[in-house]
Participant: 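My questions all concern the structure below.
Values below: every heavy atom of this structure, side chains too, minus hydrogens, waters and symmetry copies. Remember, predicted model here, so these are calculated numbers, not experimental data.
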Protein chains: 2
Amino acid sequence: MTDALTETLDDEIVELGEITGSLGFLLRMAQLRAFDYFFQTLGEHDLRPGEFTVLWVIGLNPGLRQGTIARRLHIKPAHMTKLIQRLSAAGWVTRTVPQDDRRSVRLALTGEGEAFVARYRDGFLHAHLAERSNLAPDDAEHLIALLRRYSGLEGAGT
Amino acid sequence: MTDALTETLDDEIVELGEITGSLGFLLRMAQLRAFDYFFQTLGEHDLRPGEFTVLWVIGLNPGLRQGTIARRLHIKPAHMTKLIQRLSAAGWVTRTVPQDDRRSVRLALTGEGEAFVARYRDGFLHAHLAERSNLAPDDAEHLIALLRRYSGLEGAGT
DNA sequence: CGAAAATAGTTTACGTGGAAACTATTTCCG
DNA sequence: CGGAAATAGTTTCCACGTAAACTATTTTCG
């Protein structure tokens with residue numbers, strides 16, 4: 001490094017301006033932070049957020065068609081196919097083609113799948129506790145409620 | 001609500017359970033929705049959120065090094081190189097290697113780049129306004145404030 | 001019935017973003 | 001000075017996710 005004056009003029013300060021009021025921009029930034037926390041907590045294990053979510057939902061809804069779950073999670077069919085192939089190859093998910101509609105595939109967890117979910121369940125669901133570190137608990141709850149509303153998950157269950 | 005057994009067999013209802021309280025999951029869902037809004041509004045033009053953000057920040061901070069801007073936006077060096085190559089090839093950004101450090105690259109907008117930013121500025125910055133979203137304006141503002149705090153962009157003020 | 005349309009899932013081909021290795025330049029010290 | 005370390009950016013290769021085309025079934029309806 002040269003002198004402090006040059007340093008100050010060149011680096012350090014990057015003005016972001018009004019873009020910090022853009023929801024899309026903020027969501028991207030927030031997701032990167034959440035991702036950091038996630039891998040900081042669970043990175044030691046070989047676990048991807050998306051994969052665990054799919055396992056979780058299959059566990060809660062055994063026997064549903066692959067496409068039904070994919071739509072609910074906004075996973076595109078092409079990607080869902082690969083996900084299920086992976087989860088199936090790992091021995092966590094069974095694919096069953098029912099008699100009444102041989103186009104479709106119904107999903108369920110294997111015993112290993114259930115064990116896997118049970119094992120990482122707390123770590124995954126509690127990841128959000130660590131994620132909230134910049135926010136007071138009340139604010140974190142509020143943020144979650146607003147996101148749930150914004151993303152259209154409001155009416156469904158909870 | 002039907003009972004759990006019926007629910008499970010129904011193809012319409014997908015239970016998500018406690019995962020709807022996970023910040024990471026909600027951020028992913030929210031981002032997908034924001035993405036939809038973005039392309040619904042600006043999809044007609046050939047504009048990517050990330051590219052516009054980079055142009056915007058270069059415009060606000062002409063002469064900064066490529067890596068400085070990348071770090072601030074959490075863009076990895078490898079990706080930043082490709083982004084700048086594209087923006088440069090499009091004639092929006094100039095790359096200047098300064099005499100005092102010939103390893104580095106300093107960025108600025110061309111006239112066309114400034115015109116481009118000026119042209120899409122309103123559409124991009126206002127894309128977040130929750131006209132078509134599920135949130136009231138107050139809630140949208142609150143959501144933005146919480147996200148800004150969570151993602152660590154809280155410069156001054158609160 | 002049977003051809004056309006609709007549906008479920010898969011395959012292919014591609015674009016975005018990242019990790020690791022590489023090149024070039026500058027700085028640090030022995 | 002001059003070799004080791006640090007820094008800036010690039011290149012190569014790979015994972016994730018998507019769109020579009022494809023296969024296989026089921027449904028629609030003339």
Participant: How many whole angstroms separate atom CE of A:M80 from atom P of C:dT10?
Facilitator: 10 Å
Participant: With B:I58 as reference, evaluate B:T53, B:L64, B:L109 under the side-chain contact (heavy atoms from CB on, under 4.5 Å) test and give the passing residue.
Facilitator: B:L109
Participant: So if I take every side-chain heavy atom of A:P77 and compare against D:dT10, C:dT10, C:dG18, which nucleotide ends up nearest?
Facilitator: C:dT10
Participant: If you check the B:R103 side chain, which of D:dA19, C:dG18, D:dA6 turns out closest?
Facilitator: D:dA6
Participant: State whether the side chain of A:R148 and the backbone N or O of B:T20 hold a donor-acceptor pair below 3.5 Å, judged by distance alone.
Facilitator: yes
Participant: Looking at A:Q85, does any N or O in its side chain come under 4.0 Å of the phosphate oxygens OP1/OP2 on C:dG9?
Facilitator: no
Participant: Grab the NE2-P distance between B:H79 and D:dA15 for me, whole Å please.
Facilitator: 18 Å
Participant: Does a side-chain N or O from B:R102 land closer than 4.0 Å to OP1 or OP2 of D:dA8, or not?
Facilitator: no
Participant: Let's see if you can work this out: which of C:dG17, D:dT18, C:dT10 has an atom nearest to the side-chain heavy atoms of B:K82?
Facilitator: C:dG17
Participant: Counting only side-chain N and O atoms of A:T81, is one of them less than 4.0 Å from OP1 or OP2 of C:dT10?
Facilitator: yes
Participant: What integer distance in Å separates B:F38:CZ from C:dT16:P?
Facilitator: 13 Å
Participant: With side chains defined as the heavy atoms from C-beta onward, is the minimum distance between B:H142 and B:L135 less than 4.5 Å?
Facilitator: no
Participant: Which class fits the ring pair B:F124 and B:F38: parallel under 30°, tilted 30 to 60°, perpendicular over 60°?
Facilitator: perpendicular
Participant: For B:F52 and C:dT16, what is the distance between atoms CZ and C1' respectively, to the nearest whole Å?
Facilitator: 20 Å
Participant: Among D:dG9, C:dG9, C:dG18, which nucleotide sits nearest the side chain of B:K76?
Facilitator: C:dG18
Participant: Mind calculating the distance between CZ (A:R65) and P (C:dT10) to the nearest angstrom?
Facilitator: 13 Å
Participant: For the CZ atom of A:F25 and the CD atom of A:E18, what is their distance to the nearest 0.5 Å?
Facilitator: 13.0 Å
Participant: Of all the nucleotides listed (D:dT10, C:dA8, D:dT18), which has the minimum atom distance to the side chain of B:R95?
Facilitator: D:dT10
Participant: Between A:Q99 and A:R86, which residue's closest nucleotide on DNA chain D lies nearer the 5′ terminus?
Facilitator: A:R86
Participant: For C:dG9, take OP1 and OP2 only and decide whether either is under 4.0 Å from a side-chain N or O of A:R106.
Facilitator: no
Participant: D:dT25, D:dG9, C:dG18: which one has an atom nearest the side-chain heavy atoms of B:Q66?
Facilitator: D:dG9
Participant: Starting at the 5' end of DNA chain C, which residue's closest nucleotide do you reach first, B:I75 or A:G67?
Facilitator: A:G67
Participant: Output the rounded distance in Å from CZ (A:R28) to C1' (C:dT16).
Facilitator: 12 Å
Participant: Using whole Å, what does the distance between atom P of nucleotide C:dA8 and atom CD1 of A:I84 come to?
Facilitator: 16 Å
Participant: Can you tell me how far C1' of C:dG17 sits from CZ of B:R48, to the nearest Å?
Facilitator: 13 Å
